[in-house]
Number of protein chains: 2
Amino acid sequence: MAHMPVTERRTRLLSAAFEVIARSGVSGATTRAIVDEADMKLASFHYAFESREDLLAQLVDVVVDTQEVVLGIPADTAGGLRELLERGLLSYFDQVRANPLHERAMFELTQYALRTPSMAGVAERQYGRYRALAEASLREAAARTGCAWQTPVPELAADLVALTDGITLAWLADGDDERAHRTIAFAARALAAEATPDPSPRPHFPRNKPLPGADSDVSANEHAETMETS
Amino acid sequence: MAHMPVTERRTRLLSAAFEVIARSGVSGATTRAIVDEADMKLASFHYAFESREDLLAQLVDVVVDTQEVVLGIPADTAGGLRELLERGLLSYFDQVRANPLHERAMFELTQYALRTPSMAGVAERQYGRYRALAEASLREAAARTGCAWQTPVPELAADLVALTDGITLAWLADGDDERAHRTIAFAARALAAEATPDPSPRPHFPRNKPLPGADSDVSANEHAETMETS
DNA sequence: ACGCAACTGGGACGATTGACCCAGTCGCTG
DNA sequence: CAGCGACTGGGTCAATCGTCCCAGTTGCGT
């Protein structure tokens, strides 16, 4: 393989490692699997990194610092706060659905960091970043619609992160797009209820409806309108 | 070690495996680590199970079927629906906090099932069970307070599962009890808003406040039991 | 052009892994 | 109480793991 400065080799190995982790988990990310994915020789690994743990630690660092998957608050201001949040959540969900392996790798790395004593605090930093990103989105959404949050935004950011995490985890497990869409609608309702009603004329009383744009199958299966307190 | 029927040996090995997974992850649950935890000899492993994968598959099965960690809806009906839900969530959270390793092992097993082709559908079944348990709790809470859900309960169950998952994951990462309590309060508010207001005199308009008992009490019910898979 | 440091290739090592084998021992049944 | 099937113990195997070593090769500064 062609010569290559160490720094670029490091970068490529980190990317390859992430790829392998997404596919086979952290335990499957052996030094040989990583260099194979990066199309390198085994010796190059220990020339670029001191050890496998060294690479893993740097990977977590990089991944946490470059995390950008967030609500994409739409530019157009059509609709009220609730609708804006819902579209932002749908945009996030589309990212997840487009690349499920990415989220799986993130969860995998989080758990690895959680059970590795030498990486104590990394998971905490990761969630701090999630919350910061969520907070920015919430502020933007409120500003865009002229609403004001009635709950401290950092607190709402934690709520939003919990919701997106929960939605993502459930979807990774069952792959049910429609259910995810319904939960997203619920999340948007719940968050919008924490702000002053937007000044638009719309009387915000959005009972959830079949969500146009969801896949056509799955339809009326477990959606019985009869619930009641058994 | 003393003689022992295969069935009991299997049970013990499953428990030991769960313990090891909680401590060291699935990848750390080697045959030797498991038999060591169970205080057995290595040969007993392959006498009780065909292979390591066999044990893991059976463990996931057992764990999914015996999952019982849910909202403990309190027996006393003091307070409205929102308060009842909040206390139920706090009860769940106490279980998690009393034994964080249990939840970590559950996430670990879910991810293992997710990336193991031969176990396709197990994660889906797991979340189906979560939803069923959540649905039962929601119905109970509504019945207890005389409220009626205005959204299909199976749908709300998915929302509740997403919330608890998100809360749990965030707490496992940062260990922030107070933040978890705030998110729980948010979750209770959000869910209660999906029901008809309870007939009690209280005009439910709970802007959140500094949470008077957030850090010290919560000790209504403390089961620091062993978790166990049996 | 030249030399030296940066980099590569291939092999090797010890440790650990899942799996297996088989001679021995236990304990129930008849 | 005798015997046979159920069970145990300890050793062994090939495969794979992380890590290391070192003789070669490349490319850059001078």
Side-chain angles (χ1 to χ4, degrees), chain A residues 1-60 108-109 111-113 115-119, chain B residues 1-60 108-109 111-113 115-119:
Chain A
M1 292 302 114
H3 265 241
M4 188 184 302
V6 226
T7 59
E8 180 179 344
R9 199 170 286 273
R10 265 192 268 264
T11 308
R12 291 204 190 192
L13 280 172
L14 287 172
S15 296
F18 190 85
E19 214 81 21
V20 175
I21 288 172
R23 199 187 321 123
S24 319
V26 170
S27 62
T30 66
T31 54
R32 286 172 175 82
I34 293 171
V35 297
D36 191 62
E37 172 80 24
D39 206 40
M40 297 182 190
K41 297 297 177 180
L42 185 53
S44 301
F45 187 102
H46 287 94
Y47 185 78
F49 293 95
E50 193 171 317
S51 69
R52 177 176 176 269
E53 278 194 9
D54 184 21
L55 173 135
L56 252 20
Q58 292 197 30
L59 177 59
V60 172
E108 195 85 31
L109 283 172
Q111 274 185 284
Y112 171 75
R115 101 172 81 87
T116 305
S118 65
M119 301 182 66
Chain B
M1 286 300 111
H3 267 238
M4 187 183 302
V6 227
T7 59
E8 181 180 345
R9 198 170 286 273
R10 263 192 269 264
T11 307
R12 291 204 191 193
L13 280 172
L14 287 172
S15 295
F18 189 86
E19 214 83 21
V20 174
I21 287 173
R23 198 188 319 124
S24 319
V26 171
S27 62
T30 67
T31 54
R32 285 173 175 81
I34 294 170
V35 296
D36 191 62
E37 173 79 24
D39 204 41
M40 297 181 189
K41 297 297 178 180
L42 185 53
S44 301
F45 188 102
H46 285 95
Y47 185 78
F49 294 95
E50 194 171 316
S51 69
R52 177 178 176 267
E53 278 194 9
D54 183 21
L55 174 137
L56 252 20
Q58 293 197 32
L59 177 58
V60 172
E108 194 85 30
L109 282 173
Q111 275 185 283
Y112 171 75
R115 101 172 81 85
T116 304
S118 66
M119 300 181 66

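So you know, we letter chains A, B, ... as the sequences are listed, proteins then strands, and number each from 1.
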Side-chain donor/acceptor pairs under 3.5 Å, residues 27-36 of chain A, sequence neighbours excluded:
residue, atom, partner, partner atom, Å
T30(A), OG1, A33(A), N, 3.0

Side-chain polar contacts of residues 11-25 of chain A - donor-acceptor pairs under 3.5 angstrom, sequence neighbours left out - could you list them?
residue, atom, partner, partner atom, Å
T11(A), OG1, T7(A), O, 3.0
R12(A), NE, E8(A), OE2, 3.0
R12(A), NH2, E8(A), OE2, 2.7
S15(A), OG, T11(A), O, 3.3
R23(A), NH2, E37(A), OE1, 2.5

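With contacts defined as side-chain heavy-atom distances shorter than 4.5 Å, the pair M40(B)/F45(B) does not qualify.
In this structure, I34(A) atom CD1 and dT16(D) atom C1' are separated by 15 Å, rounded to whole Å. Distance, E53(A) CD to dC17(D) C1': 14 Å, rounded to whole Å. Separating the CE atom of M40(B) from the C1' atom of dC7(D) is a distance of 12 Å, rounded to the nearest angstrom. Here the C1' atom of nucleotide dT16(D) and the CG atom of D36(A) are 14 Å apart, to the nearest Å. Here the P atom of nucleotide dG10(C) and the NZ atom of K41(A) are 5 Å apart, to the nearest Å.
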What does the list of N/O pairs under 3.5 Å between the protein and nucleotides 20-30 of chain D look like, with a distance for each?
residue, atom, partner, partner atom, Å
dT26(D), O4', H3(A), NE2, 3.4

Taking N or O atoms only and anything under 3.5 Å, show me the protein contacts with nucleotides 13-15 of chain C, one pair per line.
none

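Partner M119(B) forms a side-chain contact (heavy atoms from CB on, under 4.5 Å) with one of L56(B), L109(B), V60(B) and no other, that one being V60(B).
Of the candidate nucleotides dG18(C), dG10(D), dG18(D), dG18(D) has the atom nearest to the side chain of T31(A).
Residues satisfying the side-chain hydrogen bond (donor to acceptor under 3.5 Å, both in side chains) criterion with E50(B), sequence neighbours excluded, are absent altogether. With sequence neighbours left out, the side-chain hydrogen bond (donor to acceptor under 3.5 Å, both in side chains) criterion links R115(A) to E108(B). By the side-chain hydrogen bond (donor to acceptor under 3.5 Å, both in side chains) test, Q58(B) is found to be paired with D54(B), residues two or more places apart in sequence or in another chain being considered.
The stretch residues 12-20 of chain A has no heavy atom under 4.0 angstrom from DNA chain D at all.
Both Y47(B) and S51(A) sit near DNA chain D, but only Y47(B) has its closest nucleotide nearer the 5' end.
Atom CE of residue M4(B) and atom OG of residue S44(B) lie 8.5 Å apart, to the nearest 0.5 angstrom.
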